[in-house]
2 protein chains.
Amino acid sequence: MIVDPLKDLPTLEDVEDAARRLRGVCVRTPLLRSDELDARIGAKVWIKPEMLQRTGSFKMRGAWNRICRIPEEARRRGVVAYSSGNHAQGVAESARLLGVPAWIVMPEDSPRAKIESTAARGAHIRLYDRIRESREAIAEELLQASGATLIRPFDDGWVMAGQGTAALEACMDLREAGATVASFICSASGGGLLAGCASALAELAPDARSFGAEPSGHDDLVRSLASGRRETNPPGVRSIADALMAPSPGELTFEVHQRHGVGAFSVEDDDLKAAMSLVFRTLRLVCEPGGAAGLAAVMRNAAYFAARGETLVILSGGNVDPTTFTEALQSS
Amino acid sequence: MIVDPLKDLPTLEDVEDAARRLRGVCVRTPLLRSDELDARIGAKVWIKPEMLQRTGSFKMRGAWNRICRIPEEARRRGVVAYSSGNHAQGVAESARLLGVPAWIVMPEDSPRAKIESTAARGAHIRLYDRIRESREAIAEELLQASGATLIRPFDDGWVMAGQGTAALEACMDLREAGATVASFICSASGGGLLAGCASALAELAPDARSFGAEPSGHDDLVRSLASGRRETNPPGVRSIADALMAPSPGELTFEVHQRHGVGAFSVEDDDLKAAMSLVFRTLRLVCEPGGAAGLAAVMRNAAYFAARGETLVILSGGNVDPTTFTEALQSS
């Protein structure tokens with residue numbers, strides 16, 4: 001059980017507790033399949049579409065579970081978050097619903113849709129320059145001035161437990177369908193979704209292995225798992241996956257990854273576009289580049305995943321500008 | 001209770017019976033909302049996303065419920081259907097799952113994605129020229145040759161009852177959310193979805209009124225409800241809503257429409273594109289032009305629907321070519 005969210009790792013009980021708090025607030029997203037996708041991979045693939053989640057990504061799950069835990073008095077002083085967009089929206093929406101003021105520090109090159117959607121939820125936006133400024137320093141200033149609580153994007157037990165509810169729901173639906181998965185995969189940036197889901201799956205589906213997927217220029221997780229310590233990405237490398245730009249795995253999330261023996265794959269921008277295009281055509285869903293990394297890795301390593309058995313994939317978000325989306329459809 | 005599907009109109013019991021048969025075969029699609037959409041309309045709008053249904057449209061519901069009723073011996077001789085694409089896919093997929101041969105008569109100008117997807121499900125495709133040939137005559141020939149059963153696209157009590165399960169599911173989810181709707185609206189071509197849902201809602205939500213939405217060049221339902229008899233569209237009028245090209249309301253469906261006092265709206269192609277674009281952005285779903293008619297009508301008549309109260313909208317399908325989809329995103 002989590003007592004200090006900056007030290008304790010989430011258990012299945014923490015994830016189940018988060019699920020109870022999310023009820024009626026977050027969308028219980030369905031579990032989908034496509035014969036065409038299965039045929040392409042050579043085995044059944046189960047899709048958890050988190051673009052259908054409130055705010056368009058899984059981030060609402062962790063943000064809500066975290067902000068709920070702030071004592072009433074501290075809550076009134078507000079919350080602060082830094083994020084390229086999806087965590088921003090999850091925090092802004094949770095804060096709005098709970099009547100809590102929110103300050104969000106966002107890179108000025110975030111997709112316009114994400115900045116606008118965050119502002120529309122009533123949050124105060126502070127844009128910063130990714131190269132010249134430190135988001136941590138800006139957040140620290142805001143915290144000092146307001147007495148607000150920092151909502152970390154992944155290195156927080158309650159945030160991880162909230163994200164893990166996606167795997168918990170999927171396991172319930174898999175059981176109803178009489179299915180068993182051998183692999184689970186999702187996008188990994190800081191690793192909060194992966195860590196939360198791996199924690200739940202370790203108990204709910206102990207024979208399944210969890211994997212993270214990331215852009216090849218940001219393969220910090222692949223390298224960290226290989227070296228056994230948290231590796232950092234070289235600064236300045238770009239990817240169309242704007243949601244997957246964390247410089248390294250989190251301290252806590254990496255501890256979870258190691259504990260549960262997670263694996264990792266890296267994918268190219270073209271793999272992300274191909275996955276977005278397949279999702280458009282066979283599942284009629286809008287997936288953002290960063291949300292498609294898990295499926296892109298399965299498509300690129302189809303024989304590997306098919307040999308293992310059935311796979312559960314989270315499509316983690318759908319906040320994408322029409323031009324980026326259109327380019328993905330046209331290029332593959 | 002339906003005894004003769006060519007004469008009997010569906011009741012709530014028939015819809016509930018269909019729902020039992022659909023379990024484990026069709027997707028129980030979720031009920032979604034968007035604050036941005038609500039703000040735009042001025043009242044809560046509940047979205048039932050049938051593009052997430054197996055085969056990408058609600059048509060699977062009616063096709064499955066209908067084919068299940070064919071006695072074992074007759075079933076072996078196969079089924080025949082004519083359709084511009086969505087009914088084709090629903091019938092082809094149901095037949096495939098039940099091991100029944102299927103012949104599908106499709107206009108040669110159907111979207112390529114719909115033709116390919118139907119063929120991929122193992123159906124025999126017979127393409128025809130919309131202007132020069134009669135799909136009914138072609139179907140009749142096939143029926144005579146094979147002894148197969150015709151699966152009508154809408155004028156069949158069991159087909160209507162199957163489509164009505166979408167409203168039944170939505171009512172269960174609305175009850176859980178503590179919500180009551182004053183209006184229900186969906187696309188109308190032959191009117192099977194509208195008739196099935198109106199039949200269920202007449203008992204489940206007797207204070208709600210049901211509406212159909214159709215392209216302005218195919219406003220046979222608007223004119224038929226005004227005149228009290230089945231009016232026909234002039235031939236040759238085009239719309240981007242390829243799924244909504246039936247020449248007139250069905251005999252049985254129109255009887256249901258009149259019995260339950262349904263209303264109707266017509267919308268322009270630009271309204272359909274605007275709705276598709278809003279659905280992309282706020283719900284991250286891929287909607288085809290014909291699937292967006294209900295939402296397009298609500299957006300165009302926002303004050304009317306807001307004054308009535310909350311609205312339930314079915315987005316009826318998502319089988320759209322990337323170029324058509326891209327054009328819709330770019331034009332609005």
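Below, chain A is the first sequence line, B the second, and so on; all start at residue 1.
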Could A:Glu50 and A:Lys59 be called an ion pair, given the rule that one side-chain N must be under 4.0 Å from one carboxylate O? no
Quick one: what part of A:Arg96 sits under 4.5 Å from any heavy atom of chain B, side chain, backbone, both or neither? side chain
Please tell me if the side chains of B:Trp64 and B:Leu22 come closer than 4.5 Å, counting only heavy atoms from C-beta onward. yes
Proximal component of B:Glu176, with respect to chain A [non-hydrogen, under 4.5 Å]: neither
Part of A:Pro322 lying under 4.5 Å from any heavy atom of chain B: both
Select one option (side chain, backbone, both, neither) describing which atoms of A:Glu36 are under 4.5 Å from chain B's heavy atoms. neither
Of all of A:Thr323, A:Leu283, A:Leu52, which one pairs up most often with chain B through heavy atoms under 4.5 Å apart? A:Leu52
What is the distance from atom CG of B:Asp321 to atom OG1 of B:Thr324, rounded to the nearest 0.5 Å? 5.0 Å
Do the non-hydrogen side-chain atoms of B:Met106 and B:Ser83 ever get within less than 4.5 Å of each other? no
Do the charged groups of B:Asp35 and B:Arg33 touch, with an N to O distance under 4.0 Å? yes
Atom group of B:Thr55 that falls short of 4.5 Å from chain A, counting heavy atoms: backbone
Determine yes or no for a side-chain-to-main-chain donor-acceptor pair under 3.5 angstrom, with B:Thr165 supplying the side chain and B:Gly162 the backbone. yes
Taking 4.0 angstrom as the limit, do B:Lys48 and B:Glu169 come out as a salt bridge? yes
Contacting moiety of A:Arg54, where chain B heavy atoms sit under 4.5 Å: side chain
Max heavy-atom pairs within cutoff under 4.5 Å with chain A, candidates B:Asn319, B:Leu32, B:Thr282, B:Val279, goes to B:Asn319
For A:Val320, which atoms come within 4.5 Å of any heavy atom of chain B: side chain, backbone, both, or neither? both
